[in-house]
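Down below is the structure, laid out as structure tokens.
Lettering follows sequence order; numbering is per chain, from 1.
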2 protein chains.
Amino acid sequence: MARRITLKDVSARAGVSTYTVSQALAGKAGVSDETREMVIRTADEMGYVTNVLAANLKGQTSSTVGVMTASGRNQYYSMLVQGIDGVLQQYGLHAVTNDAMRGGVYNAELERESVSALLQQRVALIVATYSLGESSLRAIREWDIPLVFVDSLPPAAAEPCPFVGCDNRLAGELVAEHLAGLGHRNAVFLGFPADWNTRLPREAGFRDAASRLGMSVTTVESENTAEGAYAAMRGHLAEVGSGSFDAIYASNTPLLHGVLRALRDEGLSVPESVSVVGFDEFEWAELLSPSVTVVDQHIEQIGREAGRLIAEIVTEGREVTEHLAIRPDLIIRQSTAPRH
Amino acid sequence: MARRITLKDVSARAGVSTYTVSQALAGKAGVSDETREMVIRTADEMGYVTNVLAANLKGQTSSTVGVMTASGRNQYYSMLVQGIDGVLQQYGLHAVTNDAMRGGVYNAELERESVSALLQQRVALIVATYSLGESSLRAIREWDIPLVFVDSLPPAAAEPCPFVGCDNRLAGELVAEHLAGLGHRNAVFLGFPADWNTRLPREAGFRDAASRLGMSVTTVESENTAEGAYAAMRGHLAEVGSGSFDAIYASNTPLLHGVLRALRDEGLSVPESVSVVGFDEFEWAELLSPSVTVVDQHIEQIGREAGRLIAEIVTEGREVTEHLAIRPDLIIRQSTAPRH
DNA sequence: CTGAAAGCGCTTACAG
DNA sequence: CTGAAAGCGCTTACAG
């Protein structure tokens, strides 16, 4: 690697102290306009580029934000991270993403390593998009690193803690109202494991509104994968038969995928035999036959809001604990229809 | 922020020099096993975590890799980056991703800013997943930072330069052979703009094999979005009518999406009126009606191979210029059928 | 096998 | 408004 131009080099060429160069380049006060301009010109000519590692080390600051994900095969996470990242770029920050899944399965060991890597990098803040393990939470708290939960609500142990995400209860209510309004009486809630803490509010909102509207709800438990949902749904059908329910709320996109395959393979037509609603809008929802009714949680918006909040905390050192719930909308398509 | 435990603190408590601590913790020779063990124990007790910023600064090394993407709305990129990232994690490296698209459109200014941010961070290597602009290429070369192209072939100006990606020519050949084998005679190649340099080989392989097999190929130009493809396809149909071709090769997933919508809205049935092939496997391909025949370029494998190559270059300083072409496979489904 | 010391490239009190 | 100097937390020749 060729030797790099340093601030010292610029200071020598410009004939001013390193202090002056540092202040001028950082756009801080304490330098005359004339000098500042001259310094900037010299630095440009020399092709000087600040070494942020050194700046961060000395300044005891950091411009990197760590993001913990547990993505599995859910494309949803990547859209979320993209949204956050886009905003951070505008603030001169950048995100380092670490995933806690190995081979589609949550791996506590991997999570510990990831958090440790983030500590080693002295990240300015950590974003959690799922329920972090106890020891991770403890380490982050011990190190006094700001923590923001996005999508996933903070566990009690992490409160008070800022949060940005969908109003999952409301989402469930919207779905229940829509299904009940179509005359459905017996719904299935297909849920992923409750260690994902979006599960509970997503189910509760649905159940509460359903019971208010006189619609019964049966919960079917599934692994958090399309394959798991496929198996769970076929198992349920084998057990109770297809006549026992007239609607299904699949609580995320992989589960929706599994359900649709299971129904197809059982020869059950949607929406004639059963109405189906998914959670999360996705690009193919409208092209499937039938097109699929879904809850749109406005994931890009969640990402952007989270990015803004993070930037505020990091650059202004603001203490924030607010919970920001984004209002979801129902996108009604052909997979839900009046009960025959 | 609470004061952090430093290496000096550990050295004081352990009663040995900082040199000894550094060597012991880094797992290097030059320390007796006894001392090493004692040092590690002390560091653990004190909750010491290396500051990699400082280590990198002093050691003139870096554990971060920059990834440049131009994702637009193609989910494909996020799978690629995930694949790379997963491998890098295992080597103690991490990726910082910067996107050059703003509002779905390529933004040269944003690219320059992104590359500059990567230089400021003194990244160990840069991964390009699309044709970087001239000035970015020049800056990277000037700074003598290793560059690896993934998915997208290096432009002539960047050679010699390592590459990992799909054998796009072969992909085109497989598609042409499949379609010609079904009796199709007049194919449409739906292409995204040629500044994405995967376009040319993807088209050339298709054309060459088609002409060898007596199948004509008409190229339809499209923006690199589903909406663009929809408009392009409807425009083409308005111009030449649906009788002029019997098969379509959509050269990526957003384009496939646009084509399928256009055909549906024109009332043309697949595969009865026209066979359709997409590029890139995606989770919904099998659930669409009809299910869609696609080229699977094995994107996770490309990501993994790239990750391995990158880790080798960064950690071992190997000079690499090899081009690694991954063999694609055709996944035949119901959207392609013998010509009537 | 171990120590004392220099230095990576910055920022920032402290003096003028 | 500007300078000389200390120091962020590490690694690594150089000497013993």
Side-chain angles (χ1 to χ4, degrees), chain A residues 1-40 42-43 46-64 92 117 119-124 143, chain B residues 1-40 42-43 46-64 92 119-124 143 315:
Chain A
M1 239 192 294
R3 194 180 149 282
R4 253 105 225 219
I5 309 289
T6 69
L7 190 145
K8 212 167 162 187
D9 297 329
V10 177
S11 122
R13 172 89 84 93
V16 295
S17 76
T18 57
Y19 170 84
T20 305
V21 176
S22 177
Q23 295 288 306
L25 261 31
K28 290 193 185 160
V31 191
S32 68
D33 286 353
E34 226 178 328
T35 310
R36 178 190 306 281
E37 208 183 307
M38 184 270 284
V39 167
I40 291 178
T42 310
M46 299 177 76
Y48 172 72
V49 175
T50 306
N51 183 329
V52 292
L53 271 65
N56 286 346
L57 177 58
K58 178 55 190 159
Q60 301 284 59
T61 60
S62 168
S63 55
T64 118
L119 297 182
Q120 286 181 212
Q121 290 178 75
R122 302 295 191 265
V123 292
W143 277 74
Chain B
M1 232 186 309
R3 196 180 148 281
R4 253 102 224 222
I5 309 289
T6 68
L7 190 144
K8 214 167 161 187
D9 298 329
V10 178
S11 120
R13 172 88 86 95
V16 296
S17 74
T18 57
Y19 170 84
T20 305
V21 176
S22 176
Q23 296 286 308
L25 262 30
K28 290 193 185 160
V31 191
S32 67
D33 286 351
E34 224 177 328
T35 310
R36 178 188 307 281
E37 208 182 307
M38 184 271 284
V39 167
I40 292 176
T42 311
M46 300 178 76
Y48 172 72
V49 175
T50 306
N51 183 330
V52 291
L53 272 64
N56 286 346
L57 178 59
K58 178 54 190 163
Q60 301 282 58
T61 59
S62 168
S63 55
T64 117
L119 296 182
Q120 286 182 211
Q121 290 178 74
R122 302 295 192 264
V123 292
W143 277 74
T315 63

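- Side-chain contact between V16(B) and M38(B) is present, with heavy atoms from C-beta onward closer than 4.5 Å.
- In this view, D9(B) and R3(B), T6(B) satisfy the side-chain hydrogen bond (donor to acceptor under 3.5 Å, both in side chains) rule, not counting sequence neighbours.
- With both ends at atom P, the span from dC10(C) to dC14(C) equals 24 Å, rounded to whole Å.
- Scanning for side-chain hydrogen bond (donor to acceptor under 3.5 Å, both in side chains) contacts around S32(B) gives T35(B), with sequence neighbours left out.
- Residues that satisfy the side chain to side chain contact (heavy atoms under 4.5 Å, CB included) test with A124(B), not counting sequence neighbours, are S62(B), V314(B).
- In terms of the side-chain hydrogen bond (donor to acceptor under 3.5 Å, both in side chains) criterion, residue partners of T20(A) (sequence neighbours excluded) are, by chain and number, S17(A).
- Legend: residues meeting side chain to side chain contact (heavy atoms under 4.5 Å, CB included) with S11(A), ordered by chain and number and at least two apart, are T18(A), V21(A).
- Residues meeting the side-chain hydrogen bond (donor to acceptor under 3.5 Å, both in side chains) test with Q23(A), sequence neighbours left out: none.
- S22(B) is linked by a side chain to side chain contact (heavy atoms under 4.5 Å, CB included) to L7(B), counting only residues two or more places apart in sequence or in another chain.
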Annotated protein contacts, base or backbone, on nucleotides 6-16 of chain C with a non-hydrogen cut-off under 4.0 Å, one of B, S, - each: -BBBBBBB---

Applying the Watson-Crick and G-U criteria (both distances under 3.5 angstrom) with [ ] for crossing and | for other-strand pairs, one obtains for DNA chain D |||.||||||||.|||

